[in-house]
Amino acid sequence: MASGSFATRLLQWFSEHGRHDLPWQHPRTPYRVWVSEVMLQQTQVSTVIPYFQRFLQRFPDLYSLAGAEQDEVLALWAGLGYYARGRNLHKAAQLMAQNGIPEDQAGWAALPGIGPSTAAAIIAQAYNQPAVILDGNVKRVMARHAGVDTPLEHKSTLDQLWAAARERACDQHPADYTQAIMDLGASVCRRSQPECERCPVAEDCYARLHHLQQDLPVRVRKKALPERNRVFLWLENPQGEVLLEQRPPSGIWGGLYSLPVVMTADEIECSAQKWGLQLAAQPQRISHFGHRFTHFKLNAEVHYAPVSSSSAVSESQIRFVDPHDLADPEISIALPKPLSRLFQQTYADKAKLL
DNA sequence: AAGGCGGGGTC
DNA sequence: GACCCAGCCTT
């Protein structure tokens, strides 16, 4: 028989092996917990930490964030992905600066960018009040411990996992308990090669007892991703600056800056003219990269062309930028990861030649 | 090359 | 509610 309840064993394990040194735990304010929880959506702790540090240095409190320009918020978010998170964080900050910080879970869940699990995490972490979370780590722990063997994509499966999470939670030490269950999923009950011999709840774990650790949780097989081919334009003016275009406020890379994108190379000339730019030479294909999105794979070719100085680049969505500034890690322009990689590599290649 | 991962918007 | 969208890191 199991020695003590699930929660008791988990809390005991946490006191010895859990993470007590995460940046958002000291000090553990609602603002810092909220920012960290939004960053942690879809993103692992080790990735989040440097972003969190930089973000909090620039925006130490709600009001500095609420008063910021969206461009600056996104610049600090650049590279984390799912940029709607950054835009929603900014929106929510402005709402809270206006209406005050919510005092209960429903109030938090009503803010943009905060769903049931994130709201629960904030309540438990920041206020040390009982609340049940169900993030990816907890889903995996619950599917294994309770033996939920239907696909995660089914709503009934999600209901079962919520129920399992509720049954195992306790009202004692809510902040520690939620951190503990997430830590367990991240460090011991990993997707592959879980370390059951180190798990405090292994003795009554369904998956371990039936040797199903590798088979739970169950997922439906994904279809092959469709592919999209696009051409990215590296248009350089006589000053050596490159043209960037701000993307529409929502959708892929929403609000971020990118090289202008066209469907095929024969649209380059026409597109340049749209900005009032004359090509000073034939465009050349200089590199390519691939990037996988959730629903398609992007195959990108980068085409370079020098342009004569523009008569009037007055459109607010476009700007010429010194690419050396883009290779700077302290960049203040929000670039998606593949493009910041492109500029960094180009800069590194040039530096090697010198 | 493929797996994993919360929430918003739309109908 | 059902369905679609989104972008990194790890394996």
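Here is the naming used below: chain letters follow the sequence lines, and residue numbers restart at 1 for every chain. What you are looking at is a predicted structure, and each value in this text was computed from that prediction instead of being measured.
- Side-chain atoms of A:Y206 and A:D149 include no donor-acceptor pair closer than 3.5 Å.
- Here the closest non-hydrogen pair linking A:W108 and A:P30 is CZ2-CB, 4.3 Å.
- Between the side chains of A:S187 and A:R19, no donor-acceptor pair of N or O atoms lies under 3.5 Å.
- Atom-to-atom, CH2 of A:W77 to P of C:dG7 comes out at 12 Å; the value is rounded to the nearest Å.
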> In the 5'-to-3' direction, what one-character label does each nucleotide of nucleotides 2-11 of chain B receive under the scheme B = base within less than 4.0 Å of a protein heavy atom, S = sugar-phosphate only, - = no such atom?
Replying inline: BBBBBSS---
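- Classified by interplanar angle (parallel below 30°, tilted 30° to 60°, perpendicular above 60°), the ring pair A:H291/A:W253 is tilted.
- The aromatic rings of A:H145 and A:F6 lie perpendicular to each other, with more than 60° between the two planes, well past the 30° mark.
- Between the CZ atom of A:R247 and the C1' atom of C:dA6 there is a distance of 12 Å, given to the nearest Å.
- A donor-acceptor pair shorter than 3.5 Å can be found between the side chains of A:S64 and A:D61.
- Rounded to whole angstrom, the span from the CE atom of A:M39 across to the C1' atom of C:dC9 amounts to 16 Å.
- When each of A:K155 and A:R190 is assigned the nucleotide of DNA chain C with its nearest heavy atom, A:K155 is the one assigned upstream, toward the 5' end.
- Of the residues in residues 252-261 of chain A, those lying under 4.0 Å from DNA chain C by heavy-atom distance are A:I252, A:W253.
- Looking only at distances, a side-chain donor or acceptor of A:R32 sits under 3.5 Å from a matching main-chain atom of A:P27.
- Contact annotation: the side chain of A:L342 approaches that of A:S287 to within less than 4.5 Å [non-hydrogen atoms, C-beta and beyond].
- Between A:H295 and C:dC4 there is no side-chain N or O to OP1 or OP2 distance below 4.0 Å.
- Computed from coordinates, the A:F293 CZ to B:dA1 P distance equals 17 Å when rounded to whole Å.
- In this structure, the NZ atom of A:K297 is 16 Å from the P atom of C:dA6, given to the nearest Å.
- A distance of about 16 Å separates the P atoms of C:dT11 and B:dG6, rounded to the whole Å.
- Atom CZ in A:F296 sits roughly 14 Å away from atom C1' in C:dC8 (whole-Å rounding).
- With rounding to whole Å, A:E153 atom CD is found 14 Å from C:dA2 atom C1'.
- Separating the CG atom of A:L80 from the P atom of C:dA6 is a distance of 18 Å, rounded to the nearest angstrom.
- Taking the side chain as every heavy atom from C-beta outward, A:I181 and A:M142 approach each other to under 4.5 Å.
- Nucleotides C:dA6 and B:dC11, compared at atom P, are 15 Å apart to the nearest Å.
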